[in-house]
Amino acid sequence: MGSTDRTGPAVVDETAFAVRRSITIAAPVAKVWRAITEPEHLSLWFGRTVLDGDGAGTMTFEGHGAVPIRIESIDAPRSVTYRWSNDNALGRMPVELDEARSTVFTFTLEAEGEGTRLTVVESGFERTSDPLVNLERHREGWNLELDKLIDLFGGRG
């Protein structure tokens with residue numbers, strides 16, 4: 001599938017209560033779009049994803065449990081936004097999506113040559129139980145999870 005360039009680690013913006021990471025994947029936008037929007041493809045690299053017809057469901061991580069999740073918006077094939085109740089600092093996941101304490105993450109795709117530039121921004125940490133702890137844990141999480149996506153598309157060539 002070609003080479004993929006890991007274009008830097010996730011970074012925390014404590015002022016905006018956000019985490020951001022951009023990577024370049026040596027695959028066309030259409031393939032990357034499927035990997036970030038279709039549950040069977042998300043399950044290959046992120047968490048085991050189950051969504052109903054309304055775009056609500058869970059994303060389950062081994063050793064972490066099921067995280068309630070919902071698609072908030074889609075602008076195919078440019079961006080998709082998810083809302084989830086993934087408050088790591090609580091030490092447990094809620095059974096339902098907690099609007100008051102949830103964060104949102106948006107994947108944005110841009111064609112870059114024959115590949116795709118994927119950027120994720122997760123925000124809303126100021127509403128979580130411990131914003132600074134959650135920012136750091138999600139920074140680490142985006143590094144791990146997006147590295148799995150990179151590996152899915154062939155890793156470094």
Side-chain angles (χ1 to χ4, degrees), residues 4-25 29 32-33 35-39 41-52 54-75 77-110 112 115-153 155-156:
T4 301
D5 176 31
R6 297 172 196 251
T7 52
V11 294
V12 167
D13 181 339
E14 290 182 8
T15 304
F17 293 99
V19 176
R20 175 187 184 91
R21 185 172 186 206
S22 293
I23 59 174
T24 301
I25 299 172
V29 168
V32 178
W33 180 254
I36 64 170
T37 59
E38 296 177 5
H41 294 287
L42 279 163
S43 296
L44 293 173
W45 65 274
F46 206 178
R48 186 172 44 85
T49 306
V50 177
L51 298 174
D52 64 20
D54 294 326
T58 58
M59 187 174 276
T60 303
F61 298 89
E62 189 173 326
H64 189 67
V67 177
I69 191 166
R70 178 179 69 223
I71 296 172
E72 291 287 286
S73 65
I74 295 179
D75 179 14
R78 290 182 273 298
S79 68
V80 59
T81 299
Y82 294 90
R83 177 177 296 278
W84 63 353
S85 288
N86 190 4
D87 189 333
N88 296 97
L90 285 177
R92 60 177 167 67
M93 293 298 113
V95 176
E96 297 178 344
L97 192 65
D98 181 351
E99 296 282 340
R101 295 189 173 270
S102 58
T103 60
V104 295
F105 60 92
T106 300
F107 291 118
T108 304
L109 303 177
E110 298 175 64
E112 188 171 272
T116 303
R117 179 80 161 170
L118 179 142
T119 299
V120 63
V121 177
E122 184 176 4
S123 61
F125 290 97
E126 68 276 11
R127 296 187 305 262
T128 65
S129 66
D130 190 333
L132 296 180
V133 167
N134 283 311
L135 280 164
E136 180 56 25
R137 289 192 182 163
H138 286 237
R139 182 194 65 76
E140 292 170 0
W142 286 118
N143 285 333
L144 292 171
E145 299 305 334
L146 291 182
D147 282 356
K148 291 178 194 174
L149 179 61
I150 289 168
D151 291 343
L152 184 68
F153 282 102
R156 293 183 192 263

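As a basis for the values below, the full set of heavy atoms in this structure was taken, side chains included, without hydrogen atoms, waters or symmetry mates. Residue numbers start at 1 and run along the sequence shown.
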State, with a plain yes or no, whether a side-chain heavy atom of [X] is found less than 4.5 Å away from one of [Y].
X: T103; Y: N134; answer: no
X: V32; Y: F153; answer: yes
X: S123; Y: V104; answer: yes
X: I71; Y: L51; answer: yes
X: N88; Y: H64; answer: yes

Considering all heavy atoms, the nearest [X]-[Y] contact:
X: K148; Y: W45; answer: CD-O, 3.2 Å
X: T49; Y: S43; answer: N-OG, 2.8 Å
X: L42; Y: I36; answer: CD2-O, 3.7 Å
X: V29; Y: P77; answer: CG1-O, 3.7 Å
X: A10; Y: N143; answer: N-OD1, 2.7 Å
X: A35; Y: L149; answer: CB-CD1, 3.9 Å

TODO: Using a strict 4.0 Å threshold on nitrogen-to-oxygen distance, state whether R21 and E145 make a salt bridge.
DONE: no
request  = Identify whether the distance between the nearest side-chain nitrogen and carboxylate oxygen of R137 and E140 falls below 4.0 Å.
outcome  =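 E140 and R137: not salt-bridged.
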Could you go step by step and tell me if D87 and T128 meet the side-chain hydrogen bond (donor to acceptor under 3.5 Å, both in side chains) rule? CA-CA 6 Å; D87 189 333; T128 65; 4.6 Å; no
- Task: Take N86 and M93 through the side-chain contact (heavy atoms from CB on, under 4.5 Å) test and state the conclusion after the steps.
- Result: CA-CA 7 Å; N86 190 4; M93 293 298 113; 3.7 Å; yes
Greater than 12 external heavy atoms within 6.0 Å of R127's CZ: yes
- Message: Show, in sequence, the C-alpha distance, side-chain angles and deciding distance for T24 and R117, and conclude whether the side-chain contact (heavy atoms from CB on, under 4.5 Å) test is met.
- Response: CA-CA 4 Å; T24 301; R117 179 80 161 170; 3.0 Å; yes
Any donor-acceptor pair under 3.5 Å from D75 side chain to S79 backbone: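 Checked: no pair found.
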Of E72, E96, E122, the one forming a salt bridge (Lys or Arg N to Asp or Glu O under 4.0 Å) with R83 is E72
W84 vs F46 aromatic rings, parallel, tilted or perpendicular, using cut-offs 30° and 60°? tilted
task = Check the pair V120, Y82 against side-chain contact (heavy atoms from CB on, under 4.5 Å), reporting the backbone distance first and the verdict last.
result = CA-CA 11 Å; V120 63; Y82 294 90; over 6 Å; no
Exercise for review: Take R101 and S85, measure what side-chain contact (heavy atoms from CB on, under 4.5 Å) needs, and give me the verdict at the end.
Suggested key: CA-CA 7 Å; R101 295 189 173 270; S85 288; over 6 Å; no
